[in-house]
Amino acid sequence: MNEDFETSVTQLVAMIPAGSVLSYGDIAELLDCGGPRQVGKVMSGTEGDLPWWRVVRADGQPPACHGNTAFHHYRTENTPIRSAAAASGAERILMKDARWQPTESEWEQLDVLKKGLAGESSTAGNSKMSDQDDSLFP
């Protein structure tokens, strides 16, 4: 993954308010770049104050190795939790109620993140390419 993608993922995760979550796939979709696995890779390498527990699997399960710690955060932040199903025996986030819904101004911030990534993927006029290579992309 490139550095701009990693930065965009961490900036987006930092925007998720307490009591809300996004799935790995939600983040990739909002950035219109990568996929759930690429987001997971970025998240696995982050350190510091990033609210990692606000990024969950699509089925509402917290990151696999951090379940107990994550549920402490969820309870502290009043994140909607679904009771343990008899078959699975595991609590999960109630995604329909906990999924973050950005405000209009937050959508504008997300658009800026997405545009930064889209601009990088364009090959035309890329200063790292030779003039001959540039001519391949009219």
Side-chain angles (χ1 to χ4, degrees):
M1 280 290 104
N2 67 44
E3 192 173 312
D4 288 339
F5 180 73
E6 293 174 12
T7 300
S8 294
V9 168
T10 57
Q11 288 176 341
L12 194 158
V13 171
M15 291 174 63
I16 304 169
S20 297
V21 298
L22 287 176
S23 72
Y24 296 96
D26 290 338
I27 292 172
E29 188 173 325
L30 285 170
L31 293 176
D32 199 22
C33 186
R37 289 180 187 224
Q38 288 80 12
V39 172
K41 184 173 181 172
V42 170
M43 293 301 297
S44 70
T46 61
E47 298 177 9
D49 296 332
L50 194 67
W52 55 265
W53 59 91
R54 296 180 189 154
V55 181
V56 299
R57 293 174 35 172
D59 65 359
Q61 290 183 4
C65 59
H66 298 294
N68 291 337
T69 305
F71 275 101
H72 169 75
H73 289 290
Y74 301 145
R75 287 183 181 90
T76 301
E77 295 181 355
N78 295 316
T79 306
I81 299 172
R82 184 173 70 188
S83 298
S88 71
E91 291 181 304
R92 296 173 190 227
I93 299 302
L94 189 58
M95 292 299 288
K96 68 179 185 145
D97 293 334
R99 183 174 274 123
W100 177 45
Q101 300 297 320
T103 64
E104 188 172 328
S105 64
E106 291 167 334
W107 277 113
E108 291 172 7
Q109 291 175 327
L110 292 170
D111 286 342
V112 169
L113 293 176
K114 190 174 7 177
K115 285 179 186 174
L117 289 171
E120 179 180 291
S121 64
S122 173
T123 54
N126 184 338
S127 62
K128 295 181 182 178
M129 297 178 73
S130 70
D131 290 338
Q132 182 180 3
D133 289 336
D134 283 347
S135 68
L136 297 172
F137 302 98

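Everything numeric in this text was worked out from a predicted model, so none of it was measured. Every heavy atom of this structure was used, including side-chain atoms; hydrogens, water molecules and symmetry mates were not.
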Contacts of Asp32 that satisfy side-chain contact (heavy atoms from CB on, under 4.5 Å) - sequence neighbours left out: Lys114
Could you state the interatomic distance from CG (Leu31) to OG (Ser8), rounded to the nearest 0.5 Å? 5.5 Å
Side-chain heavy atoms of Thr79 within contact of His73, under 4.5 Å: no
Who passes side-chain contact (heavy atoms from CB on, under 4.5 Å) against Ala70, sequence neighbours left out? Trp52, Trp53, Pro62, Tyr74
To the nearest 0.5 Å, tell me how far Leu113 CG sits from Leu30 CG. 10.0 Å
Enter the distance from Cys33:SG to Asn2:CG here, rounded to the nearest 0.5 Å. 7.0 Å
Reported CE-to-CD distance for the pair Met95 and Gln61, which is rounded to 0.5 angstrom: 11.5 Å
Without placing hydrogens or testing angles, list every side-chain donor-acceptor pair under 3.5 Å for residues 10-25, not counting sequence neighbours.
| unit_1 | atom_1 | unit_2 | atom_2 | d |
| --- | --- | --- | --- | --- |
| Thr10 | OG1 | Glu6 | O | 3.2 |
| Thr10 | OG1 | Thr7 | O | 2.9 |
| Ser23 | OG | Gly25 | N | 3.4 |
| Ser23 | OG | Asp26 | N | 2.9 |
| Ser23 | OG | Asp26 | OD1 | 3.3 |
| Ser23 | OG | Asp26 | OD2 | 3.2 |

Answer yes or no: does atom CD of Glu29 have more than 12 heavy-atom neighbours from other residues, nucleotides or ligands under 6.0 Å? no
Do Gln38 and Val9 make a side-chain contact, defined as non-hydrogen atoms from C-beta onward lying under 4.5 Å apart? no
Glu77: partners by salt bridge (Lys or Arg N to Asp or Glu O under 4.0 Å), with sequence neighbours left out: Arg54
Contact summary for Met43 and Val55, nearest pair of heavy atoms: CE-CG2, 3.9 Å
Under the rule for side-chain hydrogen bond (donor to acceptor under 3.5 Å, both in side chains), what residues qualify as partners of Thr103, not counting sequence neighbours? Ser105, Glu106
I'd like to know if Val56 and Leu94 are part of one continuous hydrophobic network [Ile/Leu/Val/Met/Phe/Trp/Tyr, side-chain heavy atoms within less than 4.5 Å]. no
Would you please name every residue forming a salt bridge (Lys or Arg N to Asp or Glu O under 4.0 Å) with Asp111, sequence neighbours left out? none
Closest non-hydrogen atom pair between Pro36 and Ala28, with its separation: N-CB, 4.2 Å
Quick check: do Glu108 and Val112 have side-chain heavy atoms less than 4.5 Å from each other? no
